[in-house]
Asks: 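Sharing a structure here in structure tokens format.
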Amino acid sequence: MNTLAHKLHNRLLRAQRVRATISGDAARPRLSVYVSNAHVTAQLVDDTAQRTVAYASTVGSKATGTMTERAAWVGSEIAKKAKTAKIRQVVFDRGSKLYHGRVKALADAARNGGLEF
């Protein structure tokens with residue numbers, strides 16, 4: 001197995017390990033976070049009905065600044081959209097990323113916006 005394939009395999013295993021312990025439902029959806037090199041995406045997912053309740057991303061938005069600032073902007077936007085959908089409590093899904101840096105900035109902004117997790 002080459003180095004790139006090994007890294008991708010380990011990333012998939014980390015994401016599955018996190019995902020195996022959490023699940024979202026209608027009362028408490030899963031806040032799924034994805035951070036790429038260029039963009040940050042967050043969505044509220046109801047796993048029982050298999051649908052997305054709310055979605056926020058830097059793709060096509062006017063969010064500027066560093067990636068950490070963009071992540072904080074996405075966190076505040078997802079909190080606003082959750083509030084309009086009458087959702088207060090969520091389950092946080094960090095995916096394969098560590099709870100540090102951009103993921104932490106998004107989570108803190110979502111908490112400041114009124115989400116509880």
Asks: Specify the closest pair of heavy atoms between G24 and D46, including all atoms of both residues, with the distance to one decimal.
Replies: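 Closest pair (atom of G24, atom of D46, distance): O-OD1, 4.0 Å.
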
Asks: Got a sec, which residues hit side chain to side chain donor-acceptor pair (under 3.5 Å) with S76, two or more places apart in sequence or on another chain?
Replies: none

Asks: Could you check if a side-chain atom of W73 sits within less than 4.5 angstrom of a side-chain atom of S61, using non-hydrogen atoms only?
Replies: yes

Asks: Please give me the minimum heavy-atom distance between H6 and M1, naming the atom from each residue.
Replies: CA-SD, 3.4 Å

Asks: Do R70 and T66 have side-chain heavy atoms sitting under 4.5 Å apart?
Replies: no

Asks: Could you tell me the separation between the CD atom of Q89 and the CZ atom of R28, rounded to the nearest 0.5 Å?
Replies: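 That separation rounds to 5.5 Å.
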
Asks: Do F92 and I22 have side chains that get closer than 4.5 Å, going by heavy atoms?
Replies: no

Asks: So does R19 pair up with D47, basic N to acidic O under 4.0 Å?
Replies: yes

Asks: Should we count CG of N37 as having more than 12 external heavy atoms under 6.0 Å?
Replies: no

Asks: Verify, without hydrogens or angle tests, whether T52 (side chain) and A54 (backbone) share a donor-acceptor contact under 3.5 angstrom.
Replies: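 No; zero donor-acceptor contacts below 3.5 Å.
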
Asks: Cluster question for you: counting only ILVMFWY and a side-chain heavy-atom cut-off of under 4.5 Å, with indirect links fine, are L12 and V35 together?
Replies: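 No; tracing contacts between hydrophobic side chains, which count when under 4.5 Å, never links both residues.
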
Asks: What closest approach, in Å, do A110 and A79 show between heavy atoms, and which atom pair accounts for it?
Replies: O-CB, 3.8 Å

Asks: Answer yes or no: are there more than 12 heavy-atom neighbours, outside E116 itself, under 6.0 Å from its atom CD?
Replies: yes

Asks: Output side-chain donor-acceptor pairs under 3.5 Å for residues 95-104, partner residues at least two apart or in another chain, one line each.
Replies:
| from | atom 1 | to | atom 2 | distance (Å) |
| --- | --- | --- | --- | --- |
| S96 | OG | R11 | NE | 3.2 |
| Y99 | OH | R111 | NH1 | 3.0 |
| K104 | NZ | D108 | OD2 | 3.1 |

Asks: Do V90 and R30 come close enough that some side-chain heavy atom pair is under 4.5 Å?
Replies: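 SC-SC contact between V90 and R30 ruled out.
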
Asks: Got a sec, which residues hit salt bridge (charged side-chain N to carboxylate O under 4.0 Å, His left out) with K7, two or more places apart in sequence or on another chain?
Replies: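 Residues passing salt bridge (charged side-chain N to carboxylate O under 4.0 Å, His left out) with K7: none at all.
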
Asks: Take V74 and T58 through the side chain to side chain contact (heavy atoms under 4.5 Å, CB included) test and state the conclusion after the steps.
Replies: CA-CA 7 Å; V74 169; T58 58; 3.5 Å; yes

Asks: What I'd like to find out is whether the side chain of D93 reaches to under 4.5 Å of the side chain of L31, using heavy atoms alone.
Replies: no

Asks: Just wondering, do V18 and R94 contact through their side chains at under 4.5 Å, heavy atoms?
Replies: yes

Asks: Are the side chains of V40 and L106 in touch, meaning some heavy atoms are under 4.5 Å apart?
Replies: yes

Asks: Test I78 against L44 for side chain to side chain contact (heavy atoms under 4.5 Å, CB included), laying out the working first.
Replies: CA-CA 8 Å; I78 197 72; L44 294 175; 4.2 Å; yes

Asks: Measure the shortest side-chain to side-chain distance between I87 and V53 over non-hydrogen atoms and say whether it is less than 4.5 angstrom.
Replies: yes

